[in-house]
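This report concerns only the one structure given below.
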Protein chains: 2
Amino acid sequence: MSSYKDKKVITIGIVSELTGLSERQIRYYEDRKLIFPERTKKGRRKYSFSDVERLMEIANKREEGVQTFEIKKQLQRQDNEKQIREKMLKGQINAHFRIRK
Amino acid sequence: MSSYKDKKVITIGIVSELTGLSERQIRYYEDRKLIFPERTKKGRRKYSFSDVERLMEIANKREEGVQTFEIKKQLQRQDNEKQIREKMLKGQINAHFRIRK
DNA sequence: CGTGTAAGGAATTCTGACACG
DNA sequence: CGTGTAAGGAATTCTGACACG
């Protein structure tokens with residue numbers, strides 16, 4: 001879980017270049033709870049590469065005409081599934097070591 | 001080769017936080033050719049996670065009292081070795097496919 | 001609803017230089 | 001040699017708002 005891909009270190013200007021989205025759009029999607037940047041002490045937004053990918057997904061969905069609320073629900077579903085997979089993997093690993101003991 | 005780790009997307013302020021080095025130090029190491037950030041169109045420095053790791057290495061060496069010129073030479077040696085390993089790996093892969101054909 | 005834009009302010013970054021040593 | 005700092009300017013980012021639709 002995590003490493004470079006999930007480290008929040010990219011400022012909004014760079015994210016804008018990377019995704020082709022305007023800063024306005026990126027901030028709006030945050031307002032709509034599709035994306036969750038961190039902040040520096042002074043309030044600057046910081047994004048991860050995962051966030052960049054997520055924004056690309058959002059951009060694709062938007063192009064298809066999907067509304068932000070729908071996208072939000074889809075993303076939440078994805079996030080849940082991912083969490084479940086991670087938990088199962090963790091369980092597998094624990095089980096493995098329990099047997100081996 | 002490359003991916004997130006080598007993508008230059010981190011501004012100097014964040015790099016400073018990540019490494020514990022002052023911006024002055026980071027810029028100076030660039031001046032001494034130890035580190036090679038890219039620039040945005042408007043001239044802002046952009047670093048990769050690899051650069052951050054490299055700066056941590058530099059910081060350690062500096063703490064040991066190693067001068068920047070020495071560190072530079074060491075890093076160049078490392079970079080060369082890495083390149084060679086990559087070339088060899090590439091050769092291996094090519095050979096593999098040649099045989100398989 | 002989703003996005004553009006102008007507005008004013010605050011934080012960031014840049015360079016060249018002086019300082020110490 | 002390596003780093004701190006003050007200086008002045010330019011670029012970045014932030015928020016809240018008006019606009020269109």
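For the numbers below, each heavy atom of this structure counts, side chains included, while hydrogens, waters and symmetry mates do not. Every value quoted in this text rests on a predicted model; they were computed, and no experiment measured them. Throughout, protein chains are lettered first and strands after them, A, B, ... in sequence-line order, and every chain is numbered starting at 1.
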> Which residue, A:Thr19, A:Ile14, A:Ile12, forms the side-chain contact (heavy atoms from CB on, under 4.5 Å) with A:Tyr47?
Replying inline: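 That would be A:Ile12; it is the only one of A:Thr19, A:Ile14, A:Ile12 passing the side-chain contact (heavy atoms from CB on, under 4.5 Å) with A:Tyr47.
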
> So with a 6.0 Å cut-off around CZ of B:Phe36, is the heavy-atom count from everything else above 12?
Replying inline: yes

Check this for me, if you would: do [X] and [Y] make a salt bridge, where the nitrogen-to-carboxylate-oxygen distance has to be below 4.0 angstrom?
X       : Y       : answer
B:Asp31 : B:Arg24 : no
A:Glu70 : A:Lys73 : yes
A:Arg44 : A:Glu38 : no
A:Arg27 : A:Glu23 : yes

>> Under 3.5 Å for both donor-acceptor distances, Watson-Crick or wobble: does D:dA7 have a partner, and if so which one?
In response: C:dT15

> Under a 3.5 Å cut-off for both distances, is C:dC20 Watson-Crick or wobble paired, and to whom?
Replying inline: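 Pairing partner: D:dG2.
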
> Just to confirm, is there a sub-4.0 Å distance from OP1 or OP2 of D:dG2 to any side-chain nitrogen or oxygen of B:Tyr28?
Replying inline: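 B:Tyr28 to D:dG2 OP1/OP2: side-chain N or O found under 4.0 Å.
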
Rounded to whole Å, how long is the line connecting atom [atom1] of [X] with atom [atom2] of [N]?
X       : N      : atom1 : atom2 : answer
A:Lys33 : C:dG2  : NZ    : P     : 15 Å
A:Asp31 : D:dA17 : CG    : P     : 13 Å
A:Tyr29 : C:dG2  : OH    : P     : 8 Å
A:Arg24 : D:dA19 : CZ    : P     : 14 Å
A:Gln25 : C:dG2  : CD    : P     : 11 Å
A:Glu70 : C:dG2  : CD    : P     : 11 Å
B:Lys41 : D:dA11 : NZ    : C1'   : 12 Å
B:Glu63 : D:dT3  : CD    : C1'   : 15 Å

> How long is the span from the OG1 atom in B:Thr11 to the CZ atom in B:Arg45, to the nearest 0.5 Å?
Replying inline: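 The CZ atom of B:Arg45 is 11.5 Å from OG1 of B:Thr11, to the nearest 0.5 Å.
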
Between protein and nucleic acid, restricted to nucleotides 12-14 of chain D and to nitrogen or oxygen atoms under 3.5 Å apart, what atom pairs and distances do you find?
unit_1	atom_1	unit_2	atom_2	d
D:dT12	O2	A:Arg44	NH2	3.3
D:dT13	OP1	A:Thr11	OG1	3.2
D:dT13	OP1	A:Gly13	N	3.2
D:dT13	OP2	A:Gly13	N	3.3
D:dT13	OP2	A:Glu23	OE2	3.3
D:dT13	O4'	A:Arg44	NH2	3.3
D:dT13	O2	A:Arg44	NH2	3.2
D:dC14	OP1	A:Arg45	N	2.8
D:dC14	OP1	A:Arg45	NE	3.0
D:dC14	OP2	A:Arg27	NE	3.1
D:dC14	OP2	A:Arg27	NH2	2.9

